[in-house]
2 protein chains.
Amino acid sequence: MSTKNKILDAAEVLFADKGFNGTSLREITSLGEVNLAAVNYHFGSKKELIKAVMSRYMNELSPRLESALAALCQDDVQPTLNDVFSAFIGPLLHLNEFKENGTSTFLQLLGRGYTDSQGFLRWFLTTQYPDVFAHFTQAVHKAYPELSAEEMFWRLHFTMGTIVFTMSSSDALIDIAHSDFEREVDIAGVIKQVIPYVAAGVAAPIAF
Amino acid sequence: MSTKNKILDAAEVLFADKGFNGTSLREITSLGEVNLAAVNYHFGSKKELIKAVMSRYMNELSPRLESALAALCQDDVQPTLNDVFSAFIGPLLHLNEFKENGTSTFLQLLGRGYTDSQGFLRWFLTTQYPDVFAHFTQAVHKAYPELSAEEMFWRLHFTMGTIVFTMSSSDALIDIAHSDFEREVDIAGVIKQVIPYVAAGVAAPIAF
DNA sequence: ATCAAATTCAAACAGGCGTTTAAAATAGCG
DNA sequence: CGCTATTTTAAACGCCTGTTTGAATTTGAT
């Protein structure tokens, strides 16, 4: 295992758990059992390390997500909103094969990135991976053409909020569900619960 | 204006904007134009200051929220989910009279508290203000009795995520909406957009 | 006015932070 | 092997953090 990957592996766990601001390079290098200076040697700075951690996941996720959404767009039949959101399931759960707890870790990182560091990750995602967003809005529009661009804007951001927030605290929620309802839940179970919710939210009748 | 309130006023603005971890006591005391040591003299520690900032809002909000929800529960007619979530509007917007931009600031703080500092604020809220949660779940149950406790648990947390996440980035979203759709939006406008969304999400047909 | 209590203040504390340095170790190629 | 380039290492850098100290000041009741 290369030093670079030791750092990335340690960093993603700590970043997901404690946020970017809340994790120090010394915690990362001691968990990864590498020298402190290795981070700046291999990545240049902490900010670049954060980008590298996110890129590793995005490069794994985005082609699969893009083709799943593109398939919906090119298909002749009109998809339901459930179809659109369900298109995320496969690509997201694939991250579990890419890396242990990959799905959960990635979604937690996404949540951290949206609230930590005053939205620089939002900029990073929308500028580096614009096609994913374009295909997604296109698919939603196909499923619900009556929705105006402005209403879609708001509802998609609400959806992003639901997903990202839920996942960034999914460990705690899964624990509570386990103790209160004596039910085993995993990240796939949470995803299956959240899809009808966001689909119904986006499909809500238009306010006037 | 007392030193204590100068500190609280400066702290809430910075906490909302940059998070709890991301704000230093020196930033707070210099914005509030008080001595650095005053924070520890009046509040004991940074952690206690955070609690005090949140308590000031919760003590203003929770009695109004509780009575609005209690009214729904005691009423003879069955409320809709829209009614339940609309019960939040009045108490939340009242924070704008309590303090300039109070609604937005409070919701941003709530969002910060849920993701910063590993959920100690969640513990604080649920243990210090349990009645608000109890009345809320009771009202939702009255509006949608078929929903099992477990499904309600998940959907209410999804809702919390939608609200908190949206509001913690509401400034950025309002800016984007303004430039993309040339439409003036304020915090009340966002709240009116989000209520049909979360009401429809909670009302979604039960998955099986 | 007096005296004690409450508050403010400048200064320093110990410790953690991201980053840099220069020497030591390792690797890869002729 | 010998030599160069890459990588690892321990140590230090300057800066910022939350907190504490003890003296100066202000306050409020007698």
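Here is the naming used below: chain letters follow the sequence lines, and residue numbers restart at 1 for every chain. Note that these values count all heavy atoms, side chains included, but never hydrogens, waters or copies made by symmetry.
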Trainee: C:dT19 P sits how many Å from A:N40 CG, rounded?
Mentor: 5 Å

Trainee: Mark yes or no for whether B:K142, through its side chain, and B:L72, through its backbone, hold a donor-acceptor pair below 3.5 Å.
Mentor: yes

Trainee: Expressed in angstrom and rounded to an integer, what is the separation of A:K6 atom NZ from D:dT8 atom P?
Mentor: 8 Å

Trainee: Walk me through it: do A:D9 and A:M1 pass the test side-chain contact (heavy atoms from CB on, under 4.5 Å)?
Mentor: CA-CA 10 Å; A:D9 288 349; A:M1 168 94 71; 3.7 Å; yes

Trainee: Considering the options B:W154, B:F85, B:Y197, which one meets the side-chain contact (heavy atoms from CB on, under 4.5 Å) requirement together with B:T159?
Mentor: B:F85

Trainee: Verify whether the ring centers belonging to A:F98 and A:H94 lie closer than 6.0 Å.
Mentor: no

Trainee: Hey, could you give me the CD1/CZ distance between A:I50 and A:F15, rounded to the nearest 0.5 Å?
Mentor: 4.5 Å

Trainee: For the backbone of B:N21 and the side chain of A:N21, can you confirm whether one donor and one acceptor N or O come within less than 3.5 Å of each other?
Mentor: no

Trainee: Would A:F165 and B:F158 count as a ring-ring contact (aromatic ring centres under 6.0 Å, His included) if you check the C-alpha gap in whole Å, the side-chain angles of each, and the deciding distance to 0.1 Å?
Mentor: CA-CA 8 Å; A:F165 181 92; B:F158 297 156; over 10 Å; no

Trainee: Heavy-atom contacts under 4.0 Å between residues 7-15 of chain A and DNA chain D, which residues?
Mentor: none

Trainee: I need a per-nucleotide contact map over nucleotides 4-17 of chain C, read 5' to 3'. Cutoff is protein heavy atoms under 4.0 Å; write B for the base, S for backbone only, - otherwise.
Mentor: --SBBBB-B----B

Trainee: Only counting residues at least two apart or in another chain, list the ones meeting side-chain hydrogen bond (donor to acceptor under 3.5 Å, both in side chains) with A:Y144.
Mentor: none

